[in-house]
Amino acid sequence: MNDISEFKDISPTTFADLLGRGQVMDIGIRPLWPSVPRVAGPAFTVRCPPGDNLMLHAAIHRAEPGTVIVVESGDVDYALAGGNVCAVARRRGIAAFVTDGVIRDLAEVREMGFPVFARGVIPIPGTKKAVGPLNDPVRCGGVDVNAGDIVVADEEGIVVVPHARQEQVLLDARVKAAKEADESLDAWEAAHRARIDSILRSGGFED
């Protein structure tokens, strides 16, 4: 098994090239404060129905350090979490929240430096009534996420690496990243021009 921290060394763009669109969350889920550092960790999955945030609040006391809590939210009308919840999550070593819902107390979250990727901010909190299971499969940002899948997120986007494929995907990503690092811009430009010109010619384009 690979060290999960190795995923943090590789950009989501590299993983996206390997995994395809189906493993990349939609553009509505973004970092909520500038210059959020890249995070990577196994998913701890949570489902919250509309207007309720109970199970996310339960999850922060149960998720292991280093995990990324991924939340399938029922709406964007009520906040799933605020400053204190994020502070406790940070103190317990949770790497980040990734949710298709919204949070509140953004100024506090930004000041403490806790990474949150979400659809936005709203000041009104949800209720705490709906008891449900944790670590069931969820759907977040258009991607099916299972507990233990590897989530890699930064300002470029959020990619989910299926747990069963993580070793091969990491190996392929290392190879791809190393190849790109060794290629000069001149070499890339020449290869790119040749590829584009070939496609244009095959499509009947004439200069």
Side-chain angles (χ1 to χ4, degrees), residues 4-5 7-13 16 24-132 134-135 138-143 145 149-160:
I4 300 300
S5 66
F7 284 85
K8 196 173 178 180
D9 297 330
I10 300 173
S11 171
T13 59
V24 180
M25 292 191 187
D26 70 58
I27 62 170
I29 303 180
R30 303 295 299 164
L32 291 189
W33 48 273
S35 303
V36 169
R38 183 179 301 150
V39 299
F44 186 99
T45 56
V46 180
R47 182 180 292 109
C48 291
D52 198 281
N53 60 30
L54 175 64
M55 295 317 296
L56 172 57
H57 288 233
I60 65 170
H61 302 291
R62 291 162 175 80
E64 294 293 325
T67 56
V68 175
I69 294 183
V70 179
V71 188
E72 177 182 330
S73 175
D75 60 55
V76 291
D77 296 319
Y78 297 90
L80 292 165
N84 285 341
V85 169
C86 291
V88 171
R90 180 175 180 269
R91 186 163 65 182
R92 297 202 65 254
I94 291 165
F97 288 167
V98 173
T99 173
D100 58 4
V102 292
I103 70 160
R104 68 179 193 164
D105 301 332
L106 178 58
E108 294 178 35
V109 176
R110 181 175 59 239
E111 184 175 352
M112 74 180 73
F114 182 68
V116 177
F117 300 79
R119 293 201 182 275
V121 179
I122 201 165
I124 186 167
T127 60
K128 296 169 181 60
K129 297 178 180 177
V131 176
L134 293 170
N135 275 328
V138 299
R139 189 164 178 83
C140 184
V143 179
V145 185
D149 289 348
I150 306 303
V151 179
V152 184
D154 66 13
E155 63 187 4
E156 299 291 344
I158 305 157
V159 178
V160 179

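Just so it is clear, the model here is predicted, and its values are computed rather than measured.
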Can you check whether [X] reaches [Y] side chain to side chain, under 4.5 Å on heavy atoms?
| X | Y | value |
| --- | --- | --- |
| H61 | V88 | yes |
| V109 | W33 | yes |
| V159 | V24 | yes |
| V152 | I10 | no |
| V46 | V138 | no |
| R38 | P12 | yes |
| C86 | E108 | no |
| I124 | R104 | no |

Nearest atoms (heavy-atom pairs only) where [X] meets [Y]:
| X | Y | answer |
| --- | --- | --- |
| G82 | D105 | CA-OD2, 3.5 Å |
| V36 | P115 | CG1-CB, 3.8 Å |
| F114 | A89 | CZ-CB, 3.8 Å |
| A59 | L134 | CB-CD2, 4.2 Å |
| I103 | A79 | C-CB, 3.7 Å |
| A118 | G101 | CB-O, 3.4 Å |

Would you give the length of the straight line joining atom [atom1] of [X] to atom [atom2] of [Y], rounded to the nearest 0.5 angstrom?
| X | Y | atom1 | atom2 | answer |
| --- | --- | --- | --- | --- |
| R47 | L56 | CZ | CG | 14.0 Å |
| D100 | L80 | CG | CG | 8.0 Å |
| K128 | M55 | NZ | CE | 12.5 Å |
| L32 | F117 | CG | CZ | 9.0 Å |
| N135 | R62 | CG | CZ | 11.5 Å |
| H57 | C48 | NE2 | SG | 7.5 Å |

When you check the gap from the basic side-chain N to the acidic O, do D26 and R119 get nearer than 4.0 Å?
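The answer is yes: the pair qualifies as a salt bridge.
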salt_bridge(E72, R139) N-O dist < 4.0 Å:
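So E72 does not pair with R139 through a salt bridge.
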Please answer whether the main-chain N or O of K129 pairs with a side-chain N or O of T127 as donor and acceptor at a distance below 3.5 Å.
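Looks like no, no N/O pair under 3.5 Å.
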Would you say R92 has more than 12 foreign heavy atoms packed within less than 6.0 Å of its CZ?
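It does: R92 CZ has more than 12 such atoms within range.
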Does atom CG (D77) have a neighbourhood of more than 12 heavy atoms from anything else shown, all under 6.0 Å?
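Counting neighbours around CG of D77, more than 12 heavy atoms of other residues, nucleotides or ligands fall under 6.0 Å, so yes.
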State which residue, out of V76, N53, V71, fulfils the side chain to side chain contact (heavy atoms under 4.5 Å, CB included) condition with T99.
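Option passing the side chain to side chain contact (heavy atoms under 4.5 Å, CB included) with T99: V71.
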